[in-house]
Structures are given as structure tokens and as C-alpha cells.
Amino acid sequence: MVIFADDIAMFCPASTAVELQAKLDFDLQGVMNWLRNNKLLLNVPKSKLMIIGNSRKLKKFANIQLIANDAPLERVQNFKYLGVIIDENLSWKSHIEKLQIKVSQRLGILRRIKHLLPKHARIIFVNTMITSLLDYGSLVWGDKKNKIMMDSLQVLHNKAAKLVLDRPMLSSSSDALRMLHWSTLKQRRSIRRCLYVYKSINGINDIDNTFIRNADVHGYNTRHKNDLRPMKSSTCKGLLRSNCDFIADWNLLDENIRNSSSLSNFKRAVFKFFKSI
């Protein structure tokens with residue numbers, strides 16, 4: 001169970017429909033008992049049920065249902081949780097399509113008012129109204145073997161750069177990004193992933209450090225002994241976990257960057273590193 005403010009998400013892993021139904025019923029009953037003891041009610045219309053898996057497994061769980069207050073919970077194919085739309089296949093297609101619509105609308109606003117704004121104001125508009133959207137949750141949904149969708153978002157980011165500079169839409173995107181000293185969205189995601197790992201390894205954030213070095217597993221003096229150990233999975237979906245991307249980006253860094261004495265020094269070094277590749 002994950003609780004954030006007044007949002008609660010329950011999740012149960014299972015290999016069979018019978019096992020999943022039993023686990024969900026047990027957990028839901030525990031929540032209902034807690035609510036009853038604290039004189040609270042579950043908002044059934046706002047509560048949803050979603051099964052996550054590949055197409056073959058979803059067919060096996062087609063008859064799963066949950067009953068709360070004598071009413072069935074609606075089963076959905078995607079659901080918005082904390083600003084990110086999660087779909088039953090974890091393809092992130094629904095979220096990215098919604099994101100494209102939002103960003104395009106805001107680019108349209110900028111196109112109409114850019115003649116009223118100086119350059120620095122346009123930059124502020126893009127950073128607050130567009131780049132923040134493109135960055136939010138991207139460590140979860142970004143670079144998941146969805147290059148076409150990632151490229152479509154980069155096209156929107158390029159348009160934002162050209163609007164800031166008041167350049168034609170057919171002009172060079174790389175020149176526009178270079179003039180503004182902007183990183184590509186992929187570089188921004190890689191930088192943020194490395195920052196996450198640095199904070200976890202050095203105890204700066206509150207998240208448990210789950211990363212393991214090769215040297216922690218074997219004592220061989222290899223050139224990659226200080227690299228993080230890649231995660232293994234028996235399925236292709238398992239290799240799309242966010243930690244796999246975190247580890248891959250971290251292992252690209254030079255040893256002296258990883259051993260930066262402070263977070264500010266690390267930020268400068270990792271930004272320079274990814275801008276150079």
C-alpha cells in the first residue's frame with residue numbers, strides 16, 4: 001500500500017487469478033475495517049481497479065472484481081495517479097499522448113503572446129509551463145523502449161526553443177538548443193537519473209539504497225568493479241524498470257565524477273558530461 005496525502009494505492013503481485021482475488025479481498029477488507037473503526041467511508045465511485053500485465057496475462061485475470069459497500073469497483077484500463085496516467089500494459093502511451101496535447105496548447109499560447117514578451121520572459125514561460133510538464137515523472141515513464149514517443153516530445157521541446165528565439169519552425173533545432181544552452185530531454189532525464197543514484201548512495205534522500213556494486217558481489221579486481229550491478233529479469237517487461245535506466249546511466253560516468261565531494265560539484269560534472277556525449 002502506498003499513501004500520499006489523501007490518495008491511497010493498493011497493489012498485489014500474483015501469478016494466478018485465484019491468488020490475486022484472495023489477496024485483494026483480504027487487503028480491501030482490512031482497509032474497510034480501518035475506515036469503519038475511524039468512522040470514515042470509502043468513496044466507491046472514485047475508487048478504481050486496474051490489473052497490470054501483458055495481453056496474455058490480462059485475459060487470465062478477466063474475471064477479477066472487488067466489492068466495497070455492496071458496490072463493485074469500476075475496472076479501468078488506465079488511471080491517473082499523482083499526475084501520471086498509468087495504463088494496464090505500462091506502455092505509458094496514454095500519459096504521453098495527454099502530455100503532447102497539454103504542451104501543444106501551451107506552445108500555442110506562447111506563439112500568440114511572444115511578441116509581447118522579451119526573451120527572458122519567454123524562457124521563464126517555457127521553464128514553468130512546458131519544461132516542468134515534460135520533466136514531471138519522466139524518470140518513471142521516459143526511455144522505456146518508446147523512442148518514437150520520446151522523439152515526439154523532443155519535437156515539442158525544439159519548437160519551444162525556436163519560439164523563445166523567434167526563429168522559423170524549419171530552422172535548425174540543435175542550433176536553437178545550443179544558443180539557449182538547453183539540454184535535450186533525453187540528456188535531462190539521464191542527468192536526473194544520475195542525481196537520484198548519487199543521492200541514494202550518499203544518503204541524501206530518504207529512499208533506501210537498493211544499488212549494489214560489482215565489488216560487493218565478487219572480489220575480482222576488474223575494471224568495472226565499482227560499477228553498479230545490472231538488474232536481471234526473466235521477462236522483457238522486467239528490464240524496463242526504472243532502476244535499470246538509473247544503473248545504465250550511472251555506469252557511463254567516470255570514476256572521478258561518481259566520487260564528487262558534494263552534490264553541487266556532482267551536478268556540474270554530470271551536466272557537463274552528458275552535454276558532451
Side-chain angles (χ1 to χ4, degrees), residues 1-4 7-34 42-101 136-153 189 193 196 207-208 210-212 228-249:
M1 181 182 295
V2 176
I3 302 176
F4 185 87
D7 284 314
I8 300 176
M10 287 178 11
F11 53 91
C12 298
S15 55
T16 66
V18 174
E19 180 188 6
L20 180 60
Q21 186 70 66
K23 286 183 175 181
L24 289 173
D25 288 339
F26 179 81
D27 288 348
L28 181 60
Q29 188 58 49
V31 171
M32 298 301 293
N33 291 339
W34 184 89
L42 179 70
N43 191 332
V44 176
K46 285 190 175 182
S47 301
K48 309 297 180 185
L49 167 66
M50 185 171 69
I51 310 296
I52 297 176
N54 57 37
S55 301
R56 180 177 58 83
K57 289 188 176 181
L58 288 175
K59 291 179 181 179
K60 293 169 54 178
F61 298 104
N63 297 323
I64 297 291
Q65 63 174 348
L66 285 177
I67 307 295
N69 296 335
D70 299 323
L73 268 61
E74 179 188 2
R75 181 167 173 176
V76 296
Q77 294 180 330
N78 57 69
F79 184 70
K80 187 175 183 179
Y81 183 66
L82 301 181
V84 176
I85 301 175
I86 306 170
D87 61 80
E88 61 183 1
N89 300 118
L90 291 183
S91 68
W92 308 105
K93 182 178 179 182
S94 299
H95 178 76
I96 294 172
E97 287 178 346
K98 186 70 173 179
L99 188 57
Q100 288 173 324
I101 294 172
Y136 182 74
S138 62
L139 297 190
V140 176
W141 52 258
D143 303 317
K144 303 301 180 189
K145 305 299 181 185
N146 49 5
K147 186 178 185 303
I148 294 176
M149 289 188 284
M150 295 296 98
D151 288 346
S152 67
L153 295 180
R189 290 190 293 270
R193 283 193 283 261
Y196 177 93
I207 300 173
D208 291 337
T210 58
F211 300 108
I212 302 173
L228 295 181
R229 194 166 182 81
M231 301 186 71
K232 296 181 179 180
S233 175
S234 58
T235 64
C236 294
K237 280 288 185 182
L239 294 176
L240 296 181
R241 287 176 290 184
S242 296
N243 274 10
C244 294
D245 295 320
F246 294 152
I247 292 170
D249 285 333

Colleague: Any chance you could measure K93, atom NZ, to D87, atom CG, to the nearest 0.5 Å?
Modeller: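 Atom-to-atom, K93:NZ and D87:CG are 9.5 Å apart.
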Colleague: Decide yes or no on salt bridge (charged side-chain N to carboxylate O under 4.0 Å, His left out) for R193 and D143, but give the supporting numbers first.
Modeller: CA-CA 11 Å; R193 283 193 283 261; D143 303 317; 2.8 Å; yes
Colleague: Give, for atom OG of S138 and atom CD1 of I96, the distance between the pair rounded to the nearest 0.5 Å.
Modeller: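 With rounding to 0.5 Å, OG (S138) is 10.5 Å from CD1 (I96).
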Colleague: In Å, rounded to the nearest 0.5 Å, how long is the span from CG of N78 to OG of S94?
Modeller: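 So the CG of N78 and the OG of S94 are separated by 4.0 Å.
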Colleague: For M32 versus N69, what's the shortest heavy-atom pair and its separation?
Modeller: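 Of all heavy-atom pairs spanning M32 and N69, the closest is CE-OD1, 3.0 Å.
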Colleague: Could you go through the side-chain contact (heavy atoms from CB on, under 4.5 Å) check for L66 and Q21 one step at a time?
Modeller: CA-CA 8 Å; L66 285 177; Q21 186 70 66; 4.1 Å; yes
Colleague: About how many Å separate NZ of K23 and CE of M10, when rounded to the nearest 0.5 Å?
Modeller: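 Output value for this atom pair is 12.0 Å.
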Colleague: Can you find a pair of side-chain heavy atoms, one from L73 and one from S47, that are under 4.5 Å apart?
Modeller: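 Yes - at least one pair of side-chain heavy atoms lies under 4.5 Å apart.
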Colleague: If we ignore angles and hydrogens, is there a donor and acceptor under 3.5 Å between the side chains of N33 and Q29?
Modeller: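 A pair is found: one side chain offers a donor N or O, the other an acceptor, under 3.5 Å apart.
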Colleague: Apply side-chain contact (heavy atoms from CB on, under 4.5 Å) to V84 and W92, showing your working.
Modeller: CA-CA 9 Å; V84 176; W92 308 105; 3.7 Å; yes
Colleague: Are V31 and I8 side-chain neighbours, meaning at least one heavy-atom pair lies under 4.5 Å?
Modeller: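 No, their side chains stay 4.5 Å or more apart.
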Colleague: How long is the gap from CG on L82 to CZ on F4, to the nearest 0.5 Å?
Modeller: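 Taking CG in L82 and CZ in F4, the distance rounds to 6.0 Å.
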Colleague: Check A68 against V44 and note the closest heavy-atom contact, atom names and distance.
Modeller: O-CG2, 3.7 Å
Colleague: Look at the aromatic rings of F211 and F246 and report parallel, tilted or perpendicular, splitting at 30° and 60°.
Modeller: perpendicular
Colleague: Do S91 and N146 have side-chain heavy atoms sitting under 4.5 Å apart?
Modeller: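 In short, these two side chains do not touch, never coming nearer than 4.5 Å.
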Colleague: Taking the side chain as every heavy atom from C-beta outward, state whether M150 and W141 have any atom pair closer than 4.5 Å.
Modeller: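 Answer yes - side chains close enough.
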Colleague: Taking NZ in K48 as the centre, count heavy atoms belonging to other residues, nucleotides or ligands within less than 6.0 Å. Is the count above 12?
Modeller: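 Correct, the count exceeds 12.
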Colleague: Return the minimal non-hydrogen interatomic distance between D27 and C12, and the atom names on each side.
Modeller: OD2-SG, 3.1 Å
Colleague: I want to check something: taking the side chain as every heavy atom from C-beta on, are N89 and L58 in contact at a cut-off of under 4.5 Å?
Modeller: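 Counting from C-beta outward, N89 and L58 do come under 4.5 Å.
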Colleague: Side-chain contact test, heavy atoms from C-beta onward, threshold under 4.5 Å: evaluate it for L153 versus Q100 and give yes or no.
Modeller: yes
Colleague: Would K57 and I51 satisfy side-chain contact (heavy atoms from CB on, under 4.5 Å), going step by step from the backbone distance to the final call?
Modeller: CA-CA 9 Å; K57 289 188 176 181; I51 310 296; over 6 Å; no
Colleague: Rounded to the nearest 0.5 Å, what separates atom CZ in F61 from atom CD1 in I52?
Modeller: 12.0 Å
Colleague: Should we say atom CD of Q77 is surrounded by more than 12 heavy atoms from elsewhere, each under 6.0 Å from it?
Modeller: no
